[in-house]
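Indexing begins at 1, ligand by ligand and atom by atom, following the structure's order. Residues: numbered from 1 along the sequence shown.
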Amino acid sequence: MAGLHELTIHETRGALLRKEASVTEVVTAYLERIEELDKSLNSYLTVLADQALEQARAYDSGTLPLQDKPLGGVPLALKDVLCTQGVRTTCGSRILENFIPPFDATAVARLKENGAILLGKTNMDEFAMGSSNENSAYGPVRNPWDMERVPGGSSGGSAAAVAADLCAGALGTDTGGSIRQPASFCGVVGMKPTYGRVSRYGLVAFASSLDQIGPITKDVRDAALLLQVVAGHDPRDSTCLEQPVGDLQARLDEPIRGMTLGIPKEYFVEGMDPEVARAMEEAFAVFRDLGARLVEISLPHTDYGVAAYYIIAPAEASSNLARYDGVKYGFRKQEARDLLTMYRESRNLGFGAEVKRRIMLGTYSLSAGYYDAYYRKASQVRTLIKQDFIQAFDNCDAIIAPVVPTPAFKIGEKTQDPLQMYLSDVLTLPASLAGIPGISVPCGHTSGGLPVGLQVLGPHFGEAVVLQLAHNFEKNTDHGNKKPSFP
Ligand code: GLN
């Protein structure tokens, strides 16, 4: 049998129920591995060793029932942007260095109700702003496949932890690609659900009209399982959908023969790495072999996605981040001369450079006289992008495309040029602006051994079809089985 740390969530459950391992053994396997590897990876900001072991013992002694909860005894990690009662939640920022939420996010509460063991909180770009995890106030995360490279972002800690087997699975958040892109860079599965599928209650807000919580896992079945647990209506989030979620695992093994898959011609952008292009061609051939019909489609407004997103997201962020004033939360500059200086200095010392850049961009584009030229126009472009997808889905069941035009880049490579960093999001932003579900599933490796991800996008509420396609692909390839090796 594989080492306990290598098991997926569903395999862990199987091993626990068959009594091949105790919960304490599973938790200990992860804790030892974190101890051994995470000094260099830096994927965790907080490890809850004592709490996790205590819970494990409660399962093993029978105080907690293992049987009836779908995640009973499974150790999971959470991106540090999700509020956890009594556990520090930093959002990767100095300003929340000592913030201990008095409540759990709905997604966290649902994991707990379903038996999960919380192993720790993972590193991230500050307030989820970034594509490389280099914007964390707590140091960059390293990519387990190449320690000189970024794991992607902003859920870089969650993706690296899953890839390095430092947890059985994790939650991340995706505002413009922050689940799919790091999943692609780290060779794991990451899914962004339809906007509104998962409650945002207790998710620290970045851009409220875009933020979604989703799973980062070792395989597609686990993604379906985790999403099933956290998805569904929550009266505490008015944007959370009332539509029933349905059984997300039911269609996983259904064949995809006869389905029509769209390949957007605009997604094969200039500057795409030839090895990514090759991995795509090979992935498309797999779908053809499985009996799908592949058609070229057009998403004509793709090019405007980056510009629209980098107006809308900072605008919302500038408003959401106004609450960090040194009074109610976190860091406060002591001994300030007067109230205004206290606000100013708390924010100046508490926020990092990228967050300040976004606040300035957002404040500017919302200000009187500029609103029409920027925010309103960007919102109109957003509608066009959404219509592109709705029209495309008239002619296909789902869309397949690359997640990112390149594999993971080197640490430091893009930090001097924010625009280059923003441009790397070109293939994930449109689905976020449109609110549709998407997944990244491993589809190959470059000659240098870096993972490449395939993106499957579905229509609104189309989680089941996205998961079905990704699962069928995964079952017929072995890209997801490869593991990074550590020196
Ligand atoms: N990279 C994008 C940004 O920096 C998306 C981040 C995210 O999805 N949270 O805003």
Exercise. With sequence neighbours excluded, give me every side chain to side chain donor-acceptor pair (under 3.5 Å) pair touching residues 152-173.
Key: Lys79-Ser154, Lys79-Ser155, Lys79-Thr173, Thr122-Ser158, Ser154-Ser178, Asp165-Lys218, Asp165-Lys483
Practice problem: Kindly check if the number of other-residue, nucleotide or ligand heavy atoms within 6.0 Å of CZ (Phe351) is above 12? | Solution: yes
Quiz item: Cationic tip of Arg236 within the cone over Tyr201's six-membered ring, i.e. under 6.0 Å and within 45° of the normal?
Solution: yes
Self-check item: Identified side chain to side chain donor-acceptor pair (under 3.5 Å) counterpart of Ser136 within the set Asn123, Thr90, Asn42
Solution: Asn123
Practice problem: Quick one, list the residues around ligand 1 where some non-hydrogen atom comes in under 4.0 Å, by chain and residue number. | Solution: Ala128, Met129, Gly130, Ser131, Ser154, Asp174, Thr175, Gly176, Gly177, Ser178, Phe206, Tyr309, Tyr310, Arg358, Asp425
Self-check item: Listed partners of Pro144 passing side-chain contact (heavy atoms from CB on, under 4.5 Å), at least two apart
Solution: Leu41, Ala160, Ala163, Ala164, Cys186, Pro484, Phe486
Self-check item: Pairs involving residues 399-419, ordered by first then second residue, that meet side chain to side chain donor-acceptor pair (under 3.5 Å) (sequence neighbours left out)
Solution: none
